[in-house]
Amino acid sequence: MNVLLNGETREVAGTCTLAELLASSGYAERRIAVEVNREIVPRSRHGEHRLADGDRIEIVHAIGGG
């Protein structure tokens, strides 16, 4: 199935969770906020949130500064 990750089409397995997508995309250990179809998904639910064909995932990560 295909999802849209930060505006780019990605092919993922039909049973892919949000946590698996984040790990395969290099975001697993980063401090990020994730939105799926315009709804924030808390980090505690990343492992159980199954993706569906056509989902739109937006990832925002914090950058420190001063």
The single option from Arg45, His49, Glu58, Arg56 that satisfies side chain to side chain contact (heavy atoms under 4.5 Å, CB included) with Val36 is His49
Exercise. Decide side chain to side chain contact (heavy atoms under 4.5 Å, CB included) for Thr17 and Glu48; before the verdict, give the C-alpha distance in whole Å, the side-chain angles of both, and the deciding distance to 0.1 Å.
Key: CA-CA 6 Å; Thr17 65; Glu48 64 191 47; over 6 Å; no
Stepwise side chain to side chain contact (heavy atoms under 4.5 Å, CB included) test for Asp53 and Asn2
CA-CA 5 Å; Asp53 190 42; Asn2 291 313; 4.1 Å; yes
Closest non-hydrogen contact found for Ala23 with Ala28 is CA-CB, 3.7 Å
Between the CG atom in Asp55 and the CD atom in Glu35, the distance rounded to the nearest 0.5 Å is 11.5 Å
Single-linkage hydrophobic cluster Val60~Val3, side-chain heavy atoms < 4.5 angstrom: no
When every non-hydrogen atom of Ser24 is compared with those of Arg10, the smallest separation belongs to OG-NH2, 3.9 Å
I'd like to know if Leu22 and Ile40 are part of one continuous hydrophobic network [Ile/Leu/Val/Met/Phe/Trp/Tyr, side-chain heavy atoms within less than 4.5 Å]. no
**Asked** Are Ile32 and Leu5 in one and the same hydrophobic cluster, where Ile, Leu, Val, Met, Phe, Trp and Tyr link if side-chain heavy atoms are under 4.5 Å apart?
**Response** yes
Closest non-hydrogen atoms of Leu21 and Cys16, given as atom of the first, atom of the second and distance, are N-SG, 3.8 Å
Would you check if Ile57 and Leu51 make a side-chain contact, meaning some heavy-atom pair closer than 4.5 Å? yes
Can you confirm whether Glu11 is buried at CD, in the sense that more than 12 heavy atoms of other residues, nucleotides or ligands lie under 6.0 Å from that atom? no
Of all heavy-atom pairs linking Arg43 and Arg30, the shortest is NH2-O, 2.8 Å
